[in-house]
Peer 1: 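Below you will find the structure I want to go over with you.
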Amino acid sequence: MDKYQSYTLRNFREIPQINDHLTEEERFDIEVVGNVLPFKANNYVVEQLIDWDNYKKDPIYILTFPQRDMLEPQHYEEMARALRGGARKPELKLIANKIRMELNPHPAGQLSHNVPKVEDTELTGVQHKYRETMLFFPSQGQTCHAYCTFCFRWPQFVGMNELKFAMRDTELIIKYLRANPRVTDILFTGGDPLIMKTKILKSYIEALIDAKIPNLRTIRFGTKALGYWPQRFTQDADADELLQLFEKARKAGIHIAFMAHFNHPAEMRTDEVKKAIGRVLNAGAVIRTQSPVMRNINDNPAAWAEMWQEQVELGCVPYYMFVARDTGAQDYFAVELERAWRIFRNAYQRVSGVARTVRGPSMSAGPGKVQILGVSEVAGEKVFTLQFLQGRNPDWVARPFFAKYNPDAIWLDDLYPAFGASQFFFEEEYPIHREQAALHKGAAKSLAVS
Ligand SMILES: *Cc1c(COP(=O)(O)O)cnc(C)c1O
Ligand code: SF4
């Protein structure tokens, strides 16, 4: 029986592999960066996913342990100086929060734009952006079994309360679902909702089942538990009860869907994850998989092709490849849009049709999920061809549109309309704020494009 052991800044120096392999300087780097970006690992990740003989290049090591270059040099220095000077917690926190505010913690207008209302009460733990699917952030699910260094959800983990989404009231959600009959899906997200004990999760799910809402067809879980702690479905004391809960939902006619985050094929290889996937599927759930494409982690077609292939063999359905978001340590992870598309295309060509359920690369941007279909030449102009996979306005979906080719573009706000148009077709309804984005990314870099 594997017992969950969590590692944070407080105890990471006790990890035997950290003691054996890292220099003191590297341990200090973890401390400096880990004071700003969230850091948490566990015994499964450390013992079964990371190749410590090659840790500097190991994708799962980079995915979970903070790296010096994830902070700008001046931010790194500021925190390092404070730590060397023996600064105390409150002071470290002030410095960390100041740096975090400069890292665009809530991209794509998440905080302000998407909070719905029912009977004049704001559903603060809910986001409803795309017509069919509402997101729910249960307050007990705002953490994970381990933290990804690229994560854009990190304001939720580092105690910046004013930025936190969260809510308890299932009653309001049920009211909202009844009042919005076009919503078919509720997506539990976080953090990781499957960090919650089954007992708590059950109170939410059973309330939804018992409410018998005719339009509610699918309950989804955005989760990394299969990647970071598959024991959640095999060995944990309440694993069986969780699977029974899925079965119960299915019997009530509700489809249970995992949106499982897997970032690298290494996560598909352990016996524990294979067993966990088998048990979840056996309970009648479907597992769809997704990940961003990130420099230093999975920015090569072989990794993706292997990951999709493995997933399909295990019974999962490849679903989305995302572009890394414009927040946090983005300079460290960013992959240019053109390169992301080339990686996608090359990987997609390597797998058979059964794995080509995946779509991407896609940016979850303010107006919607925008897919890069490719780089083409139209009427003598080199362009990106794009389309919405999801749109704030459903009418935008699956309508190709064109942006001027820009080899350095890493996000939608780096793109300008092609063929002399003054704006993209959707900008009348939802303009892109390029100036703001440029300020954020360092004006010189982004403005050079126009
Ligand atoms: C991705 C996403 C969804 C779900 O989209 P699907 O394409 O249906 O998987 C829902 N809401 C938000 C805000 C999203 O980003
Ligand atoms: S598992 Fe998901 S929510 Fe948790 S740290 Fe990783 S990316 Fe963020």
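Counting starts at 1 for both ligands and their atoms, in listed order.
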Peer 1: Can you find a side-chain donor-acceptor pair between Thr234 and Glu272 that sits under 3.5 Å?
Peer 2: yes
Peer 1: I'd like to check whether Lys129 has a polar contact with ligand 1, where a contact means an N/O of the residue lying under 3.5 Å from an N/O of the ligand.
Peer 2: no
Peer 1: Among all the protein's non-hydrogen atoms, which is closest to atom 5 (O) of ligand 1, and how far away is it?
Peer 2: Lys369 NZ, 3.6 Å
Peer 1: Salt bridge or not for Lys224 and Glu267, using N-O below 4.0 Å?
Peer 2: yes
Peer 1: What I want to find out is whether Arg13 reaches Glu31 closely enough, with some N-O distance under 4.0 Å, to be called a salt bridge.
Peer 2: yes
Peer 1: Non-hydrogen atoms of Gly191 versus ligand 2: any pair closer than 4.0 Å?
Peer 2: yes
Peer 1: Using a strict cut-off of less than 4.0 Å between a Lys/Arg side-chain nitrogen and an Asp/Glu carboxylate oxygen, indicate whether Arg434 and Glu427 qualify as a salt bridge.
Peer 2: yes
Peer 1: Classify the ring geometry between Phe150 and Phe333 as parallel (under 30°), tilted (30 to 60°) or perpendicular (over 60°).
Peer 2: perpendicular
Peer 1: Would you say ligand 1 has an N or O under 3.5 Å from any N or O of Arg359?
Peer 2: no
Peer 1: Please determine whether a side-chain nitrogen of the Lys or Arg among Asp185 and Arg220 lies less than 4.0 Å from a carboxylate oxygen of the Asp or Glu.
Peer 2: yes
Peer 1: Return the closest protein heavy atom for atom 7 (O) of ligand 1 as residue, atom name and distance.
Peer 2: Tyr320 OH, 2.5 Å
Peer 1: Does Arg220 come within less than 4.0 Å of ligand 1, judged by its heavy atoms?
Peer 2: yes
Peer 1: Which option, His261, His145, Lys40, owns the non-hydrogen atom nearest atom 2 (Fe) of ligand 2?
Peer 2: His261
Peer 1: Using a 4.0 Å cutoff against the non-hydrogen atoms of Cys144, which atoms of ligand 2 qualify?
Peer 2: 1 (S), 3 (S), 4 (Fe), 5 (S)
Peer 1: Identify, by atom number and element, the atoms of ligand 1 in contact range of Tyr319, meaning under 4.0 Å from any of its heavy atoms.
Peer 2: 6 (P), 7 (O), 8 (O), 9 (O)
Peer 1: Counting backbone and side chain alike, does Cys151 bring an N/O/S atom below 2.8 Å of atom 8 (Fe) of ligand 2?
Peer 2: yes
Peer 1: Go through ligand 2 atom by atom and flag the ones less than 4.0 Å from a non-hydrogen atom of Tyr147.
Peer 2: 5 (S)
Peer 1: Closer than 4.0 Å to some heavy atom of Gln390 - which atoms of ligand 1 meet that?
Peer 2: 5 (O), 6 (P), 7 (O), 8 (O)
Peer 1: So which protein heavy atom does atom 13 (C) of ligand 1 come closest to, and at what separation?
Peer 2: Leu135 CD1, 3.6 Å
Peer 1: Could you tell me the residue and atom name of the protein heavy atom closest to atom 12 (C) of ligand 1, and the distance to it rounded to 0.1 Å?
Peer 2: Tyr130 CE1, 3.5 Å
Peer 1: Between Phe12 and Tyr7 (judged by ring centroids, cut-off 6.0 Å), do the two rings come close enough to count as a pair?
Peer 2: no
Peer 1: Which ligand 2 atoms are under 4.0 Å away from a heavy-atom of Lys224?
Peer 2: 1 (S)
Peer 1: Distance alone, cut at 3.5 Å: any donor-acceptor contact between the side chains of Asn393 and Glu429?
Peer 2: yes
Peer 1: So that I can tick it off, tell me whether Lys57 and Asp51 are bridged by a salt bridge, with the cut-off set at under 4.0 angstrom between side-chain N and carboxylate O.
Peer 2: no
